[in-house]
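Notes follow once the structure below has been shown.
For ligands, and for the atoms within them, numbers begin at 1 and follow the listed sequence.
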Amino acid sequence: MKLTDTEIADNYNDVWVLGEVVDGQIHKVTLELLGVARKLADKRASGNSKVVCLLMGNKVNGLEKNLFYQSADRVIMVEDESLKYFNDLIYAAVVSRLIKKYKPEIVISGATSKGRSLMPLVAVQIETGLTADCTGLDIDEESGLLLQTRPAYGGNIIATIKCENHRPQMSTVRQGVFKAVEADNSRTGELIREGVLEEEKQTRFTVLSEESYGEDSKISLHDANIIVTGGRGVKSPEGFKIIHALAESVRGAVGATRATIDSGWISYSHQVGQTGLTVQPKVYIACGVSGQIQHLVGMQSSDFIIAINKDPDAPIMQLADVAIVGDLFEVVPEITKLMSN
Ligand SMILES: Cc1cc2nc3c(=O)[nH]c(=O)nc-3n(C[C@H](O)[C@H](O)[C@H](O)COP(=O)(O)OP(=O)(O)OC[C@H]3O[C@@H](n4cnc5c(N)ncnc54)[C@H](O)[C@@H]3O)c2cc1C
């Protein structure tokens, strides 16, 4: 439903983060989003915008403390047996009802598999817009609107999107795009408890169990300080052996470009880039990677980038802090030898 400026100004306030819990712990992306939610709330000219985390699940009691430490002013907690497994229909019904009740002006969620399933459903139910996979969020000083930045048209342009006439303004953001703020253990906040209505539990399907499938490398790309990435330059699945060896010698994780995944050389869980993961390691070593924009958007915020490529004019070589011109089949084993000694 289209709203007038007065309806928006009179009714909508606060920045919400949809919290996520994995194995009894707050998901890292939730902590990252609370940091950016704080900045957005502080920038609202009204000055009374609060950071609110909506936390839903079966056993989430007690987790609110961490959310307060990480910038939340208020936690709305929905703890219920029906939320044990992620059933997007139940979750969406509850989120939509609470959004209608509390009227936040901004709602952000991690672009996790749950967030990607939940947010579009909610956006349809409450009739508002949604910008997926944002790489930047800010407040327009003049209009007070949320500026939602993301790559568009296959990564060829960076678009900034506004949602002018509908509320809330909704975005998803991938893990690793923003950094979590330092926890302040002296912070506290307001805890509100809500429930799940009986009719919200009646859905067309029941989730019987949940299983997570992890990455097939020893260290998660999101947790790794060092990532060694192989591109089409590795030539074959066997070519990835030297990438794995270097990653192991520096206790890093293995990344990959989409070209290598499309060729079936390595699994999708390793993909870095626009349609893969966004990573921010301390050191990113790109081996035989050309550096197309769709790859760069997933790793360009790395602290230090080393590129190994035969072609000195490859785009990645311009971005790199250290660009090594050479054959990766000679250079990579040399570095591995040095690191292993
Ligand atoms: C909508 C869309 C989404 C996409 N999403 C992603 C994404 O998430 N992630 C992603 O990575 N890509 C993505 N892509 C694909 C992207 O456009 C590129 O095609 C891809 O990143 C190229 O991978 P590459 O660098 O491995 O291969 P290439 O571009 O073929 O580059 C190979 C490089 O290896 C070098 N090389 C070759 N042999 C050697 C050697 N022996 N030693 C050293 N260097 C060597 C070459 O000089 C070259 O620079 C997407 C594309 C589209 C359209």
Suppose I only count heavy atoms of [X] and a 4.0 Å limit; which atoms of ligand 1 are within that range?
| X | value |
| --- | --- |
| Asp327 | 40 (C), 41 (N), 42 (N) |
| Lys235 | 37 (C), 38 (N), 39 (C), 41 (N) |
| Gly273 | 7 (C), 8 (O), 9 (N) |
| Gly231 | 26 (O) |
| Gly276 | 8 (O) |
| Gly326 | 42 (N), 43 (C) |
| Gln271 | 6 (C), 7 (C), 8 (O), 9 (N) |
| Gln274 | 7 (C), 8 (O) |

Closest to [atom] (judged by heavy-atom distance), picking from [options]:
| atom | options | answer |
| --- | --- | --- |
| atom 48 (C) of ligand 1 | Asp311, Leu277, Ile316, Asn309 | Asn309 |
| atom 6 (C) of ligand 1 | Thr275, Thr257, Thr260 | Thr275 |
| atom 28 (P) of ligand 1 | Ala314, Pro312, Ser290 | Ser290 |

Structural part of Gln294 in contact with ligand 1, heavy atom criterion under 4.0 angstrom: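 Answer for Gln294: both.
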Within reach of ligand 1, part of Val272 (heavy-atom separation under 4.0 Å):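 Answer for Val272: backbone.
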Lys/Arg-Asp/Glu bridge criterion (N-O < 4.0 Å) met for [X], [Y]:
| X | Y | result |
| --- | --- | --- |
| Glu194 | Lys101 | yes |
| Lys241 | Glu238 | no |
| Glu141 | Lys43 | no |

Parallel, tilted or perpendicular: ring planes of His270 versus His244, cut at 30 and 60 degrees: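 It falls in the perpendicular class, over 60°.
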N or O pair under 3.5 Å between Gly288 and ligand 1: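 Such a contact does occur with ligand 1.
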Ligand 1 N/O within reach of Gln292 N/O, cut-off under 3.5 Å: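 No - when backbone and side-chain N and O of Gln292 are compared with those of ligand 1, no distance drops under 3.5 Å.
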Close side-chain approach of Phe205 to Asp88, heavy-atom, < 4.5 Å: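 Yes, close enough: below the 4.5 Å cut-off.
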Gly298 heavy atom under 4.0 Å from ligand 1: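 Judged by the 4.0 Å heavy-atom criterion, Gly298 does not count as contacting ligand 1.
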Heavy-atom donor-acceptor pair, Ser117 side chain to Ser113 backbone, under 3.5 Å: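 Checked: no pair found.
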Ring center gap for Tyr284 and Phe304 short of 6.0 angstrom: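 No: the rings miss the under 6.0 Å criterion.
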Ser263 versus Arg232, side-chain donor and acceptor atoms under 3.5 Å: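 Checked: Arg232/Ser263 side chains show no N/O donor-acceptor pair below 3.5 Å.
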Flag for Asn61-Arg193: side-chain donor and acceptor within less than 3.5 Å: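 Yes, Asn61 and Arg193 have a side-chain donor paired with an acceptor closer than 3.5 Å.
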Set of residues satisfying side chain to side chain donor-acceptor pair (under 3.5 Å) with respect to Ser82, sequence neighbours excluded: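 Only Asp80 meet the side chain to side chain donor-acceptor pair (under 3.5 Å) criterion with Ser82.
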